[in-house]
J.: 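One structure coming up, written as structure tokens, with questions to follow.
Throughout, numbering of the chain's residues begins at 1 and tracks the sequence. None of the values given here were measured: they were computed from a predicted structure.
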Amino acid sequence: MKTPPESYLIFKEELKKARLEKEKLQKEYESQLQSMNSELSRLKEQIAAQQELMKTTLEYAIRLEENLDHLKVEVANVPSLKKKSFH
């Protein structure tokens, strides 16, 4: 049996190195992608929590404003207390 030409052996070795490098790069890519997905998930959770906090704050502010308006109306509708004297 004939031995393969030297250029074929060199090509075969280079091909093997290229495959190993490709696998290494793919593993690094998948690792970075997983890390970025984890970070993205964490950021989504933080945004959702902040949105909920803002929603609660706005609801509270609206309720306070409504209570204040109601109080102003009550005070305006009780003029008799202003005219009474305690002396």
J.: Would you say the side-chain atoms of S38 pair up with the backbone N or O of Q34, donor to acceptor, closer than 3.5 Å?
T.: yes

J.: Under the side chain to side chain contact (heavy atoms under 4.5 Å, CB included) test, which residues partner K72, sequence neighbours left out?
T.: L68

J.: Can you list every pair that meets side-chain hydrogen bond (donor to acceptor under 3.5 Å, both in side chains) and has a residue in residues 43-52, with sequence neighbours left out?
T.: none

J.: Could you pull out every donor-acceptor pair under 3.5 Å between side chains of residues 4-13 and any protein atom, sequence neighbours left out?
T.:
none

J.: Sequence neighbours left out, what pairs pass salt bridge (Lys or Arg N to Asp or Glu O under 4.0 Å) with at least one residue falling in residues 57-66?
T.: none

J.: How is the hydrophobic cluster of L33 composed, in terms of its other members, when Ile, Leu, Val, Met, Phe, Trp and Tyr link through side-chain heavy atoms under 4.5 Å apart, directly or indirectly?
T.: Y29

J.: Just to verify, what does E74 make a side-chain hydrogen bond (donor to acceptor under 3.5 Å, both in side chains) with, not counting sequence neighbours?
T.: H70

J.: Sequence neighbours excluded, which residues qualify as side chain to side chain contact (heavy atoms under 4.5 Å, CB included) partners of E21?
T.: K24, L25

J.: Could you work out the complete set of other residues in the hydrophobic cluster of L64, with links drawn between I, L, V, M, F, W and Y side chains under 4.5 Å apart?
T.: Y60

J.: If you link I, L, V, M, F, W and Y whenever their side-chain heavy atoms are under 4.5 Å apart, who else ends up in the same group as L58?
T.: none

J.: Does some side-chain heavy atom of K17 sit less than 4.5 Å from a side-chain heavy atom of L20?
T.: no

J.: Does E39 have any side chain to side chain contact (heavy atoms under 4.5 Å, CB included) partners at least two apart in sequence or in another chain, and if so, which?
T.: R42, L43

J.: Would a distance-only check, ignoring hydrogens and angles, find a side-chain to backbone donor-acceptor pair under 3.5 Å from T57 to L53?
T.: yes

